Amino acid sequence: MVQSAGVPQLSDNQAPPGRPSSATETEGDLIHNTQAPPPPKESGPNKRRKASVRGNSTKPKKRMTDSRGVSDRPLVEKQGVCDEGSPLPPPLRISLKSLLAAEMKLVYGDEQHNITQQPSKSPVTSSASQFMCQASEIVGPPSGPNLGFLPQIDKWLDVALRDADSYYQQKKYGIAASRFTTALELCSKGAAVEQSLHAVYEDISKVASLIESRLVACYLRLKRPEIALNHSHRAIQLNPIYFRHHLRQAMVYRLLGNPCAAARSAMIADWVYWLSGCSDEHISKLIKLYWQALLDEAITMEDGFSVMYTPRSAGDSVGDCIAKAEETFRKQHPAFTDYLFTDPSGGHLLPQTTDWSNPPSTQQKYVLTLGFRRGQDGSFLSKLTSRTCPSFTGPRASFSSSSPEDMERVCDTFSRRILPVLDFIKCTKLAAGFSPGSGLVERLQYAGYLGQIQRSREQTVILHQALAELAVAPYLQDLSHADTSLLQALMADTMDTLEGRRTDRERVWNEMQKVGMLEDLLFQLEETYLKNKAQRANRKQRAGVQGAEGKARGRPKAGVKIGAKGGGTAVTDKAKVRPTETQQETAVTPMTLPDL
């Protein structure tokens, strides 16, 4: 089993045979820069490790956390246990230098395709070369693949893109961003392709997605990830199967201090890179290393819960696998056993064992177990397995008007307690879906609450993020007819909310929330009934025990009984007790029964 705070490194035998022609740091250099740390001193199951360095200045320095929440500390893995209980080999450390080198190569690797290259025949063909490269999804030489099947872009847009690209090549990123914004405005006004009347939506989307992606690159160069975030979302909405869009989004998330979302973006980038037919093993290897480093950072940053991944065999039942995983977790992480949750789906993937070319049935899957230090932090996860539409906002959130203070409290619960855990669960789960409990519906509900308390800027960011997730969802899993209908309804309602449209019907996520509230009420009624039934049974049992004890002691009953001789009466001990003054006023003289 793979324990918390890390996953095993990619093995050396998975290195690609070829070396890239780029002058940046190669994959072999990245692997060479990773070192096996000395045995760590564990202060807790999910605490950061410190490796003692003596007389070796080549080892990475300790990284601190800056004001943005980005950690500069080395990514250290914890030693886990494999499925047979044998310890893993000493883990490797991905240094910060290697991580940043891989990130720079992956995120900015397409800058070698110059937009302004003048072709020999058509003045706009090379301007569109990068658009075509996105369409074919093949990373080729700087000249690019055969791109003649897409229409030519508009000449005025081509001029604007040339101007923007010239400033970008001069490293004047602020001016380049303004020029790309102008080009995007031209594209939105219909100046995308030369024959706009016969334009295809997919072609226009690819043109606009490239401009959005270049804006992301400009703002990343300017170290403004908060501005680049929405542009990265829109680039994915327009072209969800171009892998560099997801890699740039991963870099934005990492700079914003959200390694869980960054790790998921890297995982999706690796998947769509293979899905689009790309065969460069070097790029795929770099993406997996980047994914692994981000996942390790996400695990390391969590201090409220610990995590363990257990390999799942095809012959094991779900119940047995969960029982074994939780038993092992209690032994290895006793400080995080106040509440345990094991994902019953078991469809989690780790970068060092993922090979997309293998059939899904032979792909190594893992069972995820989360252990919380405090039970109230993770108790809401029990609804994921016991509810059709789990709701986490309280029993009256959707049935009664709430005050602004209540709305703020619900938003705080979403942002601090619910969404971070759900995001972590799906950062290793490719087919996370978009049903209730997946994190996407809960994010849309959170956006609804933000709109009610007039936090429109945060709401807009979350809606763009949800649209990006919905756009790529059909490429991550097989969809049934019901899933397709739900996906279309979610996308339509999200777009309507983003554009400020109001319809007669309620939003899909609000309907799901009300169904969850009704489920909660039914479960509460059932729980109350069973509790009262048990209390009645206990009272009846105690009454029977007391009656049996009284008979066993031979205690006479209080009151009047007929004597055996003379037909007189005999007053019991209770009647002989001297009454109080109040009782004397209301006392009744006992009647003497006549002799028979």
Side-chain angles (χ1 to χ4, degrees), residues 1-8 45-46 78-88 260 263-264 267 295 298-299 302 304-354 360-392 417-418 420-433 435-439 442 477 516 519 523 527:
M1 299 180 185
V2 182
Q3 296 185 8
S4 62
V7 292
N46 203 33
K78 289 188 179 179
Q79 182 168 338
V81 178
C82 66
D83 51 349
E84 296 181 356
S86 59
L88 292 172
C260 291
R264 176 165 177 80
M267 175 180 62
L295 176 60
I299 297 175
E302 296 295 341
F305 62 86
S306 185
V307 56
M308 184 179 71
Y309 294 95
T310 306
R312 181 179 177 183
S313 302
D316 294 343
S317 63
V318 177
D320 294 341
C321 190
I322 291 177
K324 293 178 181 178
E326 293 186 351
E327 180 182 359
T328 305
F329 190 95
R330 288 188 178 92
K331 294 178 181 178
Q332 297 179 357
H333 308 286
F336 293 86
T337 57
D338 201 10
Y339 181 82
L340 296 182
F341 171 77
T342 301
D343 190 1
S345 65
H348 293 266
L349 302 170
L350 295 180
Q352 75 281 1
T353 57
T354 299
S361 58
T362 61
Q363 196 78 255
Q364 177 63 65
K365 302 293 181 63
Y366 293 85
V367 174
L368 171 67
T369 302
L370 296 178
F372 291 84
R373 192 187 301 272
R374 298 186 305 171
Q376 61 267 28
D377 292 340
S379 58
F380 71 93
L381 292 173
S382 62
K383 294 184 179 181
L384 296 181
T385 57
S386 62
R387 302 287 197 276
T388 304
C389 295
S391 177
F392 313 112
R417 179 167 166 256
I418 297 173
V421 178
L422 296 179
D423 288 344
F424 185 87
I425 291 176
K426 68 179 184 180
C427 72
T428 53
K429 193 173 183 180
L430 184 66
S435 59
S438 63
E442 288 72 22
Q477 64 188 63
E519 283 187 310
F523 272 89
E527 184 180 357

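Just so we're clear, the structure is a prediction, and the values are computed from it rather than from any experiment.
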(request) List for me each residue that meets side chain to side chain donor-acceptor pair (under 3.5 Å) alongside Lys429, sequence neighbours excluded, and say none if there are none. (result) Asp343, Ser345
(message) Quick check: do Leu370 and Phe329 have side-chain heavy atoms less than 4.5 Å from each other?
(response) no
(request) Check whether any side-chain heavy atom of Thr369 lies under 4.5 Å from a side-chain heavy atom of Thr328, and answer yes or no. (result) no
(message) Within this structure, what is the SG-CG distance for the pair Cys427 and Leu368, rounded to the nearest 0.5 Å?
(response) 8.0 Å
(request) Heavy atoms only: give me the nearest Pro436-Glu442 pair and the separation to one decimal. (result) C-OE2, 3.8 Å
(message) Applying ring pair (Phe, Tyr, Trp, His ring centres under 6.0 Å), can you list everything that pairs with Phe341, at least two apart in sequence or on another chain?
(response) none
(request) For Phe380, check ring pair (Phe, Tyr, Trp, His ring centres under 6.0 Å) against everything at least two apart and list the hits. (result) Phe392
(message) Can you tell me how the ring of Tyr309 sits relative to the ring of Tyr366, calling it parallel under 30°, perpendicular over 60° and tilted otherwise?
(response) perpendicular
(message) Among residues at least two apart in sequence or on other chains, which ones pass salt bridge (charged side-chain N to carboxylate O under 4.0 Å, His left out) with Arg374?
(response) Asp377
(request) Applying side chain to side chain donor-acceptor pair (under 3.5 Å), name anything that partners Asp320, two or more places apart in sequence or on another chain. (result) Ser317
(request) Determine whether Lys426 and Ser438 make a side-chain contact, defined as any pair of heavy atoms from C-beta on separated by less than 4.5 Å. (result) no
(request) Could you label the plane-to-plane angle of the Phe372 and Phe305 rings as parallel, tilted or perpendicular, counting under 30° as parallel and over 60° as perpendicular? (result) tilted
(message) Working to the nearest 0.5 angstrom, can you tell me the gap between Gln332 CD and Ser306 OG?
(response) 9.5 Å
(request) Tell me, please, which residues at least two apart from Ile322 pass side-chain contact (heavy atoms from CB on, under 4.5 Å). (result) Val318, Glu326, Thr342, Pro344
(message) Against Thr428, only a single residue in Val307, Leu350, Thr354 fulfils side chain to side chain contact (heavy atoms under 4.5 Å, CB included); can you say which?
(response) Leu350
(message) If the condition is side-chain contact (heavy atoms from CB on, under 4.5 Å), which residues does Gln477 pass it with, not counting sequence neighbours?
(response) Ala431, Phe434, Leu479
(message) Within the structure provided, determine whether Arg264 and Asp423 are in side-chain contact (heavy-atom separation under 4.5 Å).
(response) no
